[in-house]
Amino acid sequence: MGRRAVALAASSLLIAGIIGPVTAADPDPADWPAVLAAAQGQHVYFHAWGGSQSVNDYIAWVGSQTEARFGVTLSHVKLADTADAVATVVAEKAAGRDAGGAVDLIWINGENFASMKDRGLLLTPGFATRLPNWRYVDTDNPSVTVDFTVPTDGQESPWGGAKLVFFADTARTGDIAAMPKSATELLAWAKANPGRFTYPAPPDFTGSSFLKQVLIETIADPEILSSSVDETTFMEVTAPLWAWLDEIQPLLWRQGRDFPKSYPQMKQMLADGELGIIFAFNPAEASAAIATGELPDTVRSFVFSGGTLGNTHFVAIPYNAANKAGAMVVADFLISPEAQLRKENPAVWGDPTVLAMDRLAPDERAAFAAVDRGVATLPPSELGPVLAEPDASWMTRIETEWRARYGS
């Protein structure tokens, strides 16, 4: 294909809103030596959730490695909500700042990715699949190429898996096998243990994920969630969710008059004995918290027998990032076997890998197999089915309705 044809094709994609403006300065991961050369001396601003010390420490370690090995400085811009970084890029585009943007790399998935992709705020399609370490990624897992029903088109690079897992302190609640196995059983447990359960207020990611779990379990036809919201039927479709939430509301901590702001606050409430059951979007979270002394070693994990929500989380590069080559270097290092192995260790973070074990060298596979996942981590065989994420539009609409009903 000639250069004129390439330019015409890119223009068509831009007009369709699939990609952001493409400039001659955009590095090409297919020429990795050139990317490494361009990245030397760059300072990458990584906008990522900053609500967990273990995550913050891991990102700091990544920065120490990229600086020592590739001359790329990494600064973690700690976010309470990924939407804040998206808003920055939106404002820059509106102001015509199509180069030299403030956000180089962003931790993203779901509705935030869908929004950026739809608005043409992301780097040219395909950068992720051309990264050298992409060869290790488990592409048989559909959630690494489809994010909340939206094809990633190589515009975001996976760096961790997630699955909703519940846990309790067995010293206070008794046998973990007796814990609820569904949203219906959780409601019954809350009736028997008033004030001992709650969830973070949306739009906190963990709280919103819990609402999606209940939504999938309670509505008549979960398949409808794979398509975007139809406003004419929204209230009818979601009525079972609101009925469930209305019923549990007075049984919640502080009778639902207040909600934790985040998962770390909820975790502290379990440690203090205020709550009996909490949840996280990481199968190794309980073991990781035990390892750091945040939770007692009597905490154990459980899941719902019909399955729990699962997805992959990613990093993406805005179309106008000031340090695109450096951002690519960081994204590539994040999917290296070394970085993924460290991240899966519960003593470090405990975030599940996105790599396929059969694509690794024998010694690398052995290192992953040797990871001590901790006493509170369920083995993969006991994590149960993965419930697919709804289309991103559902979460946006549900958060709005939740605030109208239960928000302060």
Side-chain angles (χ1 to χ4, degrees), residues 163-202 204 206-220 222 238-283 285-287 289-290 294-309 375-378 382-385 387 398 401-402 405-408:
K163 195 171 189 296
L164 191 66
V165 173
F166 296 82
F167 40 103
D169 184 356
T170 57
R172 293 189 173 100
T173 60
D175 187 2
I176 201 71
M179 291 293 99
K181 298 297 188 295
S182 67
T184 299
E185 291 189 15
L186 177 59
L187 178 58
W189 187 91
K191 290 177 179 178
N193 300 272
R196 303 273 288 155
F197 179 76
T198 190
Y199 55 93
D204 173 81
T206 306
S208 296
S209 296
F210 176 72
L211 296 187
K212 286 185 282 187
Q213 174 72 33
V214 178
L215 174 71
I216 294 168
E217 287 195 56
T218 57
I219 66 171
T238 59
L241 168 65
W242 309 120
W244 191 95
L245 290 172
D246 285 345
E247 193 168 357
I248 203 171
Q249 182 79 0
L251 305 170
L252 297 175
W253 173 72
R254 293 186 178 175
Q255 297 180 310
R257 293 189 298 268
D258 195 10
F259 291 86
K261 291 182 172 59
S262 63
Y263 164 73
Q265 184 181 350
M266 191 168 59
K267 177 171 59 176
Q268 185 61 52
M269 292 164 71
L270 178 68
D272 293 341
E274 288 188 82
L275 297 179
I277 293 175
I278 66 169
F279 52 90
F281 222 93
N282 180 350
E285 174 59 36
S287 290
I290 290 170
E294 296 172 283
L295 289 177
D297 61 8
T298 48
V299 167
R300 294 293 183 272
S301 302
F302 66 97
V303 291
F304 290 171
S305 56
T308 54
L309 200 67
V375 295
T377 304
L378 294 171
E382 295 181 19
L383 282 173
L387 302 182
I398 286 169
E401 184 66 25
W402 186 92
R405 290 169 177 261
Y406 312 108
S408 56

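One-based numbering along the sequence shown.
Residues meeting the side-chain contact (heavy atoms from CB on, under 4.5 Å) test with Ala190, sequence neighbours left out: Ile248, Leu251. For Ser208, the side-chain contact (heavy atoms from CB on, under 4.5 Å) criterion is met by Pro202, Met395, Glu399, not counting sequence neighbours. Legend: residues meeting salt bridge (charged side-chain N to carboxylate O under 4.0 Å, His left out) with Glu294, ordered by chain and number and at least two apart, are Lys267.
Considering CD of Glu285 and CD1 of Ile278, their distance stands at 7.5 Å, rounded to 0.5 Å. Here Lys261 contributes atom NZ and Asp204 contributes atom CG; the two are 11.0 Å apart, rounded to the nearest 0.5 Å. Here CD of Glu274 is found 7.0 Å from CZ of Arg254. Values are rounded to the nearest 0.5 Å. The structure places OG of Ser209 at 12.0 Å from CG of Leu215, a figure rounded to the nearest 0.5 Å. The CD atom of Gln213 sits 5.5 Å away from the CG atom of Leu387 when rounded to the nearest 0.5 Å. Once rounded to the nearest 0.5 Å, the distance linking OG1 of Thr238 with CD1 of Ile398 reads 6.5 Å.
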Go through the steps to decide whether Arg257 and Leu252 satisfy the test side-chain contact (heavy atoms from CB on, under 4.5 Å), and finish with yes or no. CA-CA 8 Å; Arg257 293 189 298 268; Leu252 297 175; over 6 Å; no
Between Ile176 and Met179, does a side-chain contact (heavy atoms from CB on, under 4.5 Å) hold up when you go through it step by step? CA-CA 5 Å; Ile176 201 71; Met179 291 293 99; 3.7 Å; yes
Decide yes or no on side-chain contact (heavy atoms from CB on, under 4.5 Å) for Asp258 and Thr198, but give the supporting numbers first. CA-CA 9 Å; Asp258 195 10; Thr198 190; over 6 Å; no
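Ring pair Tyr406/Tyr199: centre-to-centre distance not below 6.0 Å.
Of all the heavy atoms in Pro194 and Ala192, the pair that sits closest is CD-C, 3.5 Å.
The backbone N or O of Thr377 sits nowhere less than 3.5 Å from a side-chain atom of Ser301 that would complete a donor-acceptor pair. Side-chain atoms of Gln265 do not come within 3.5 Å of backbone N or O of Pro260 as any donor-acceptor pair. Side chain of Thr308 to backbone of Phe304: no donor-acceptor contact under 3.5 angstrom is found.
Among residue pairs with one or both ends in residues 165-177, those qualifying as side-chain hydrogen bond (donor to acceptor under 3.5 Å, both in side chains) are Asp169-Arg172, Asp169-Thr298; sequence neighbours excluded. Counting only residues at least two apart or in different chains, salt bridge (Lys or Arg N to Asp or Glu O under 4.0 Å) contacts with residues 210-219 comprise Lys212-Glu389. Pairs of residues two or more places apart, or lying in two chains, that qualify as side-chain hydrogen bond (donor to acceptor under 3.5 Å, both in side chains) and include a residue from residues 179-192 are Lys191-Glu247.
With Phe259 as the partner, the ring pair (Phe, Tyr, Trp, His ring centres under 6.0 Å) test is satisfied by one option alone out of Trp253, Phe210, Trp402: Trp402.
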